[in-house]
2 protein chains.
Amino acid sequence: MPLDWTDLQHFVALAREGTLSAAARTLGVDHVTVARRVAALEQATRLKLVDRRARAYALTDDGRRLVQAAGPMEQAAFAIERSVVASRPGLGGEVLVSAPPTLANRLIAPRLVELRRQHPAIAIKLIGEKRIASLNRREADIALRLSRPKEQGLIARKVGRFGFSLYGAPDYLKETPQHELGFIAYDSSMDTAPQQQWLKMIAGPRPIVFQSSDLESQAAAARSGLGLAALPDFLGQSDPGLVRLDSGGGNISREIWLVVHRDLRRTPLVRAVMGFLIGCVASA
Amino acid sequence: MPLDWTDLQHFVALAREGTLSAAARTLGVDHVTVARRVAALEQATRLKLVDRRARAYALTDDGRRLVQAAGPMEQAAFAIERSVVASRPGLGGEVLVSAPPTLANRLIAPRLVELRRQHPAIAIKLIGEKRIASLNRREADIALRLSRPKEQGLIARKVGRFGFSLYGAPDYLKETPQHELGFIAYDSSMDTAPQQQWLKMIAGPRPIVFQSSDLESQAAAARSGLGLAALPDFLGQSDPGLVRLDSGGGNISREIWLVVHRDLRRTPLVRAVMGFLIGCVASA
DNA sequence: AGCGGCATGTGCGAAAACTCACAATGATTG
DNA sequence: CAATCATTGTGAGTTTTCGCACATGCCGCT
């Protein structure tokens, strides 16, 4: 009798995520279940697949071979999930949308009511995470990204652009001389982002007084008079507690890319949501 | 959360086998389980995948699409099973061998004891069926066939040849004039087999007095004096109750092919069994 | 060095899945 | 046309599987 495919599924998830807990999260089960199913697979194959180490599991040679053989199976499983979504008739069902947090909160979320009015049966699940969701693994059906993705099988389309400017509280700007201005930046994990490098260039020798991974926090800090933050114009312009400062040092802008998997691009449901998203970012 | 792979496995089995019962047999579960898992898959995908008809299930359009998408997944699963077998270390474990019934009974089974003496840890599961087992689906690890297979990924090697001759009981041959001889043949499902066509050519207008799908039955009938049967020489020669008749009309012989999947050909365990099988048929 | 976060292992209770046995239905065959 | 075979459907009982809660252990940070 054949191997249990669920055992394989759990094992592949463990191999990809590295830990029982992470694998359990992606599978929507308890970590104990993952451990049990992997043990079951080891017994069914009579192979030792993992070394139980303290903090994380390590695959044995046999385990690596099995994962390699199982890679195509997982890809096929993802293709099936996409096929299921693509088969959904009409304009009803759940669509997973991934977008950078600020885009999600400021441009999309406020206008979801419009979509719901037009297509009451569409339920959007909006994932506002900085981590780029994998469309291949169907962590999302549609994604908004700030750069063109390079992955296989994905269709990307430039749908908008927005500029960054320096924003601060009006009182702060009035009271503070140019050379004493403080700056608000991303944390160092974003050092490679263009807007971060642009901000640091503008700041020059002047101090960075606050770092946050979250743009909303930076905006709030700027609003309270802590310093200047590089914010998207769609965020800064609409905030009555902030004014735009002409930085003098040129401006920077980023593109917005709409990304969808090839398998889903013709699905009515997905197309409807894509149209809605384009409307959201066109105004930026 | 992702689809349950076991649901997919059961659905694919149902689609391939056509009935709940047959799918349940290949999966080693009860037919109720297959029905329940397919229902679960329908609920998870929110698609109607099968039409419950009286005698057998019929796939809907969505079901067919899903099966098509799942085909690669099943292929990958079979590849994994082969990979598991190929990973087995040393000369121990179970090997599934498929061979035509007579070859299995007469050439292989009597010599299994030799293999067991040489490699005590090898357990052979010998499947003596006329139906050709699929090596791709891992219904068998090694197969002996009477013709070269055309399937992808399989390695075939000619390992022997055996001739057919007419055999009958000595008394029957002495007492019966040539033109009154009766013949013993396969049933009509084997009409395309060369030995069957050869027998009918020899028989000419003379009657076929008995048909059986089983060579052993034909031999037994011939032994009892019912008529002449076309038997492999390795079978007829070793039977003291039968004598070979020079048919005059030329002879016929069939090749024996040893077939193994490419993924398994280098596995020590499989190689050992292959060597044993070659030894079995070389004497034919 | 102490502490917080994250990961794994264990025991138990609850829930779900599976098997078994039997009934019903429809197709095929003599 | 009856009978038989194979399949699907239903209900009951039992096994198994799963999730929760807690304990333990390791790493990184202060």
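Naming: A, B, ... by sequence-line order, numbering from 1 per chain.
- Residue-level contact check: V32(B) touches the bases, meaning some heavy atom is under 4.0 Å from a base atom.
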For this session: For the pair R16(A) and E74(A), evaluate salt bridge (charged side-chain N to carboxylate O under 4.0 Å, His left out) and give the outcome as yes or no after the intermediate values.
Result: CA-CA 11 Å; R16(A) 173 157 43 77; E74(A) 197 185 25; 2.7 Å; yes
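- Here R52(B) does not reach the OP1 or OP2 of dG26(C): none of its side-chain N or O atoms lies under 4.0 Å away.
- Distances from the side chain of L20(A) to the nucleotides dT7(D), dG9(D), dG9(C) place dG9(C) closest.
- Of all heavy-atom pairs between L146(B) and P100(B), the closest is CG-CG, 4.1 Å.
- Nucleic acid contact class of S21(B) (heavy atoms, under 4.0 Å, all strands): base.
- Rounded to whole angstrom, the span from the NE2 atom of H31(A) across to the P atom of dG9(C) amounts to 9 Å.
- Annotation: E151(A), atom CD; neighbour count of heavy atoms from other residues, nucleotides and ligands within 6.0 Å is above 12.
- Taking atom CZ on R36(A) and atom C1' on dA17(C), their separation rounds to 15 Å, with Å as the unit.
- Residue R37(A) places at least one side-chain N or O closer than 4.0 Å to OP1 or OP2 of dC18(D).
- Panel note: side chain Q196(B), backbone Y186(B); a donor-acceptor pair is recorded below 3.5 Å.
- Closest to the side chain of T33(B), from the set dC18(D), dT8(D), dC18(C), is dC18(C).
- Atom CZ of R46(A) has 12 or fewer heavy atoms from other residues, nucleotides or ligands within 6.0 Å.
- One atom, CD of Q9(A), and another, P of dC18(D), lie 12 Å apart when rounded to the nearest Å.
- Remark: P of dT8(D) and OH of Y57(B) are 7 Å apart, rounded to the nearest angstrom.
- For D4(B) and dA16(C), the CG to P distance is 15 Å, given to the nearest whole Å.
- In this entry the distance linking CZ of R25(A) with P of dG5(C) reads 15 Å, nearest Å.
- Whole-Å rounding puts the D30(B) CG to dA17(C) C1' distance at 12 Å.
- One can place CG of D7(A) at 15 Å from P of dT16(D), the figure rounded to the nearest angstrom.
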